[in-house]
Amino acid sequence: MIPGPHRMKGGAPQLGVDVLGRIGPFGPYGGARDPGDMEIEILAVPDCPHQQLAEERLRQALDESGLAATDITTRVIADQAEAERSRFTGSPTILLDGRDPFAERGAIPSLACRIYRTPDGPAGAPGVDQLRWALDAAADAG
């Protein structure tokens, strides 16, 4: 394995095998990417019925992506003005480095429950696989 995050010509990542036998772009010590590079925030309305589900799935996706040490912050969106300032289109909203990886074109900021399209049908939070994909994309973009 080539230590450290290296890029091949054209920007494609070189993949190695970490100490657990996983294949991916791993850091200099055979471990996962540096978790300090990503800011993760969950935006939710007060008493959101899906906030805990989103947190649990996000934590599982972080663990599976080698980002277990990454902090998650939660911010309560209490009024429409704050929803508009935050571009909050429903609760819960997950932001990775300030971006909503599940944003839908034309969604209007509102203090409402959010429904996610998942492989298993509509749900109150993205699936773990969807979150892992979004984390990987955010890490690559960062």
Side-chain angles (χ1 to χ4, degrees), residues 1-8 11-142:
M1 179 174 111
I2 300 172
H6 295 281
R7 298 263 176 213
M8 295 185 309
Q14 286 189 341
L15 301 179
V17 179
D18 75 354
V19 294
L20 299 176
R22 298 175 299 193
I23 298 174
F26 300 101
Y29 304 109
R33 295 171 292 250
D34 179 4
D37 290 345
M38 192 177 308
E39 180 182 328
I40 300 176
E41 187 174 31
I42 296 177
L43 308 180
V45 296
D47 302 316
C48 173
H50 301 292
Q51 179 181 341
Q52 183 176 351
L53 176 63
E55 290 171 356
E56 289 169 359
R57 289 182 178 176
L58 182 54
R59 181 54 56 202
Q60 182 179 349
L62 285 165
D63 291 349
E64 292 175 7
S65 296
L67 299 168
T70 303
D71 291 329
I72 300 171
T73 58
T74 302
R75 181 166 39 124
V76 175
I77 304 295
D79 59 46
Q80 183 64 30
E82 189 174 3
E84 290 173 11
R85 280 192 308 274
S86 302
R87 293 175 288 193
F88 175 76
T89 58
S91 184
T93 290
I94 298 168
L95 300 179
L96 306 178
D97 291 330
R99 294 186 189 105
D100 180 352
F102 304 101
E104 293 195 21
R105 189 179 309 239
I108 298 170
S110 68
L111 296 174
C113 285
R114 183 166 177 173
I115 301 298
Y116 289 87
R117 297 175 192 193
T118 73
D120 297 324
V128 174
D129 288 341
Q130 291 174 299
L131 287 164
R132 259 197 333 259
W133 176 87
L135 289 164
D136 288 344
D140 288 345

Inset, instruction - Indicate the atoms forming the closest heavy-atom contact of Ser86 with Ile77, along with that distance. - result: OG-CD1, 3.9 Å

Legend entry - ring-ring contact (aromatic ring centres under 6.0 Å, His included) contacts in which one or both residues fall within residues 54-109, not counting sequence neighbours: Phe102-Tyr116

Legend entry - Residue pair Ala61 / Leu131: nearest heavy atoms and the distance that separates them: CB-CB, 3.6 Å

Inset, instruction - For Arg85, enumerate each residue passing the side-chain contact (heavy atoms from CB on, under 4.5 Å) test, keeping only those at least two apart in sequence or located in another chain. - result: Ala81, Glu82

Legend entry - Heavy-atom pair with the smallest gap, counting every atom of Ser91 and Cys48: OG-SG, 3.0 Å

Inset, instruction - Measure from the side-chain N and O atoms of Gln51 to the backbone N and O of Pro46, and report whether any donor-acceptor pair falls under 3.5 Å. - result: no

Inset, instruction - Give a yes or no answer on whether the side chain of Asp97 reaches the backbone of Glu39 with a donor-acceptor pair at less than 3.5 Å. - result: yes

Inset, instruction - Mind listing the closest non-hydrogen atom pair of Leu111 and Ala78 along with its distance? - result: CD1-O, 3.9 Å

Inset, instruction - Considering non-hydrogen atoms only, spot the tightest contact between Asp136 and Ser65 and give its length. - result: OD1-OG, 4.0 Å

Inset, instruction - Only pairs at least two apart or in different chains count here, so list each salt bridge (charged side-chain N to carboxylate O under 4.0 Å, His left out) that has a residue in residues 116-133. - result: Glu64-Arg132, Glu104-Arg117, Asp129-Arg132

Inset, instruction - Scan for salt bridge (charged side-chain N to carboxylate O under 4.0 Å, His left out) pairs involving residues 46-58, sequence neighbours excluded, and state none if there are none. - result: none

Legend entry - Closest approach of Gly90 to Arg114 (non-hydrogen atoms, all atoms of both residues): C-CB, 3.5 Å

Legend entry - Contacts of Arg87 that satisfy side-chain contact (heavy atoms from CB on, under 4.5 Å) - sequence neighbours left out: none

Inset, instruction - Could you list the residues that satisfy side-chain contact (heavy atoms from CB on, under 4.5 Å) with Ile72, not counting sequence neighbours? - result: Ile40, Ile42, Leu58, Arg59, Leu62

